[in-house]
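Before any comments, here is the structure.
Whatever order the structure lists them in is the order used to number ligands and atoms, beginning at 1. One is the number of the first residue; the rest follow in order along the sequence.
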Amino acid sequence: MISIVGAGKVGSAAAFSILGFRTSDIVLVDIAENLARGEALDMMQAAPAIEFDGKIKGTNDYGEMKGSELVIVTAGLGRQPGMSRSDLAEKNAKIVKSIVKEVVRYCPACKLMMVTNPVDAMTYVAYKESGFERNRVFGMGNILDTLRFRSYIAQELGVSREDIRGLVIGEHGDSMVPLVGHASVSGIPITELLNGEQIEKIVSLTRSSGSDVIKLKGATTYAPSVVIAIMADAVLKGRNRVMGVSTYLQGEYGFSDVSIGVPCVLGKNGVERIVELKLDPQTKAEFEKSVASVTEVIGKTYETALTKPTSEA
Ligand code: NAI
């Protein structure tokens with residue numbers, strides 16, 4: 001069973017995507033009275049058409065999560081136009097802390113997927129507050145960035161999006177690092193098919209992709225929800241998929257005590273292992289900058305807002 005905490009735009013769309021994958025029964029939890037119940041009822045009525053025979057329940061009772069194999073947290077505030085992910089951190093950290101308490105209480109053996117932004121810092125907060133092993137707490141961000149990267153490469157080349165492979169690592173935010181040297185079209189490096197100017201344009205579009213949607217419609221929904229479903233499917237079915245996942249580093253890539261996106265094998269136990277790539281000096285420097293950016297947000301939210309008495313904050 002999967003529980004999703006936060007039945008807002010992303011949580012409810014993610015639940016519907018997961019139903020489409022027929023991955024698992026779903027419990028949707030939200031503090032807003034009736035919202036989760038209404039979403040679940042709406043989806044249940046669509047279930048015959050998408051051939052989903054499992055359970056879909058909406059509630060504001062955290063106890064209904066009991067026994068979930070995977071808990072996905074999409075609760076919290078979203079970014080407003082012009083607002084950085086860092087601005088969100090302090091408010092959402094408090095929400096995440098309170099939710100993690102309930103997760104530990106009702107699902108002590110679960111895997112915990114963070115979606116709430118800024119997702120790397122929220123993954124750190126969830127890891128620290130849960131006391132879970134690090135493989136069980138991970139964040140969704142880089143796969144979404146990668147989906148966007150792949151879309152823009154395909155658009156520039158005029159080829160099928162399906163044939164594009166690539167990776168984005170680092171912060172799910174402005175300092176993300178699209179790995180140009182690792183991107184390919186059916187195995188052909190994109191550097192053989194695109195010139196520097198075209199690649200720069202793709203990287204820039206990838207970096208601004210989330211904000212571009214937020215500027216137009218106030219939030220991102222479809223792309224994140226389908227990525228959540230892909231990750232949930234990888235965990236529930238133990239598929240060992242290789243993807244960029246925010247995870248707590250203990251020396252990998254030369255960093256410790258930070259949660260940030262790196263390539264991981266995602267399976268039954270959550271992060272089964274971290275894949276350590278050899279980065280060229282420029283990419284390494286970009287990744288270092290990204291780590292510094294996430295560390296700064298963690299410092300402001302976890303160390304200041306959550307763990308120190310208010311008078312010191
Ligand atoms: P939304 O405002 O539509 O939904 C948030 C929901 O959380 C609301 O229904 C609210 O009642 C609920 N909530 C708040 N506190 C709660 C609590 N303590 N327990 C249970 N439910 C609670 O927002 P939306 O658009 O769904 O976004 C949710 C979060 O996901 C935001 O932080 C957003 O920035 C983030 N996000 C992250 C992405 C990523 O790639 N990691 C992509 C898209 C959104």
Within the 4.0 Å heavy-atom cut-off, what Leu35 brings close to ligand 1 is side chain
Would you sort out whether Val291 and Glu296 count as a side-chain contact (heavy atoms from CB on, under 4.5 Å), showing the intermediate values? CA-CA 9 Å; Val291 170; Glu296 194 191 329; over 6 Å; no
For the side chain of Arg22 and the backbone of Glu51, is there at least one donor-acceptor N/O pair under 3.5 Å apart? yes
Heavy-atom proximity to atom 40 (O) of ligand 1 ranks first, among His172, Lys9, Met122, for His172
The reported gap from CE in Met43 to CD1 in Ile18 (rounded to nearest 0.5 angstrom) is 9.5 Å
One finds that the ligand 1 atoms under 4.0 Å from a non-hydrogen atom of Leu144 are 40 (O)
If you compare Gly76, Gly6, Ala32 by their heavy atoms, the one closest to atom 5 (C) of ligand 1 turns out to be Gly76
Counting heavy atoms under 4.0 Å, the part of Val227 that contacts ligand 1 is neither
Can you find an N/O atom of Met140 closer than 3.5 Å to an N/O atom of ligand 1?
-> yes
Within the 4.0 Å heavy-atom cut-off, what Ala75 brings close to ligand 1 is both
The answer for which part of Asp30 has a heavy atom under 4.0 Å from ligand 1 is both
Side chain or backbone, does Gly141 bring an N or O within less than 3.5 Å of an N or O on ligand 1?
no
Worksheet item: Would you say Val10 has any N or O atom under 3.5 Å from an N or O of ligand 1, going by distance alone?
Response: yes
Note: Thr74, heavy atoms under 4.0 Å from ligand 1, region reported as backbone
Counting heavy atoms under 4.0 Å, the part of Ile95 that contacts ligand 1 is side chain
